[in-house]
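Okay, structure first, notes after.
Order of the sequence lines fixes the chain letters, A, B, ..., with proteins taken first and strands second; residue numbering starts at 1 for each chain.
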Amino acid sequence: MFEAKLIQGAILKKILDAIKDLVNEASWDCSSQGMSLQAMDTSHVSLVAVQMKADGFDKYRCDRSVTLGMNLSSLSKILKCAGNDDTITLKAPDDGDKITLVFEAKNESETSEYEVKLMNLDSEYLGIPDTPYSVNVKMPSHKFQRICRDLQQIGDAVTISCAKDSIRFAAKGDLGSGTVNLCQTASADKPEDSVSISMQEPIIQSFALKYLNHFAKATPLSPQVSLSLSPDVPLVVEYSITDDDGSDFGYIRYYLAPKIDE
Amino acid sequence: DKYQLKIDQFFKKM
């Protein structure tokens, strides 16, 4: 039996909003450690990895590890039926062919129950090496979202370069070009507004903005986003997931293969 | 897009 209860059901709604347009079908791996998912987009250009720790749930029971394969747009449609303040409980019996979602409204007697069909998916699992990166940048997630959205007006790709204590996002296209330069901020008065840059070596690399704009759909999950870059390896864009108390619940990590020079 | 690399070039299948 698998059962996971989340009083802040909105977190699960936000997670699905952040992945459903990138990946159609994926499997949740549920174990005593928690729920995790790893999937590539259909073009195999990017990969998303989600982790929700067992102790972040308000109740978590997983008698034996289960793989819950599902259509994420179906799951997302069902989660739209839950209110933002609802408690969400996921339930799956061992060897069942569906997952049950129970939504409970706060301070009300209303509960609703939905079922989503499970699928047997042929998932490829990729091993991601834990390597140090040349550049790590932490910045406000809304700023990253804005930069990606603005630069997609100009071109299809962004060139990210980092030198000393600044990071530069540049795009060019038929209409012209645009650049956004961010410098490390000095004060830590409001940590969520800060930009911090740690650089081992300068870097310059290009990425498709279409994917970065998909990743930015995770913005409501976290006030800060972390970018990690090294020469000739995928970019990592990470949003940590915290609950209202600020406790660490897990993360969404997106990996994006670079573009090579035209 | 011939300039776009694929993600599975970088990570090994488990």
Side-chain angles (χ1 to χ4, degrees), chain A residues 19 22-23 26-27 29 36-49 67 122-131 133 155-159 171-173 205-212 214-215 228-237 253-262, chain B:
Chain A
I19 57 178
L22 197 62
V23 177
S27 293
D29 292 310
S36 63
L37 172 150
Q38 189 201 85
M40 283 185 278
D41 72 277
T42 47
S43 325
H44 289 202
V45 169
S46 68
L47 178 136
V48 58
T67 300
D122 246 350
S123 320
E124 284 177 21
Y125 199 84
L126 299 177
I128 300 157
D130 192 13
T131 49
Y133 285 87
D156 296 333
V158 60
T159 299
K172 57 176 189 257
Q205 219 163 16
S206 296
F207 300 96
L209 279 162
K210 180 177 88 169
Y211 293 93
L212 295 178
H214 271 301
F215 304 168
S228 303
L229 302 105
S230 277
D232 308 316
V233 300
L235 161 75
V236 190
V237 179
R253 284 183 195 144
Y254 300 95
Y255 298 84
L256 178 59
K259 286 176 79 93
I260 48 174
D261 287 340
E262 296 185 13
Chain B
D1 182 354
K2 62 182 173 180
Y3 303 108
Q4 176 64 63
L5 301 175
K6 303 280 186 186
I7 198 79
D8 35 11
Q9 287 171 240
F10 295 94
F11 302 139
K12 281 190 204 132
K13 278 179 199 167
M14 298 289 275

Any idea which of [options] has the most non-hydrogen atom pairs under 4.5 angstrom with chain B?
options	value
A:Met40, A:His44, A:Glu124	A:His44
A:Ile128, A:Leu256, A:Leu47	A:Ile128
A:Asp41, A:Asp261, A:Val45, A:Asp232	A:Val45

Report yes if the distance between the aromatic ring centroids of B:Phe10 and A:Tyr255 is under 6.0 Å, otherwise no.
no
With a 4.5 Å heavy-atom cut-off, do A:Leu126 and B:Met14 have their side chains touching?
no
Side chains of A:Ser206 and B:Tyr3: does their closest heavy-atom pair fall under 4.5 Å?
no
Taking atom CD of B:Gln4 and atom CZ of A:Phe207, what is their separation to the nearest 0.5 Å?
9.5 Å
Looking only at non-hydrogen atoms, find the nearest pair between B:Phe11 and A:Gly127 and report the distance.
CB-O, 3.5 Å
For A:Ala257 versus B:Leu5, what's the shortest heavy-atom pair and its separation?
CB-O, 3.2 Å
Assess whether atom CG of A:Asp156 is packed by more than 12 heavy atoms of other residues, nucleotides or ligands within 6.0 Å.
no
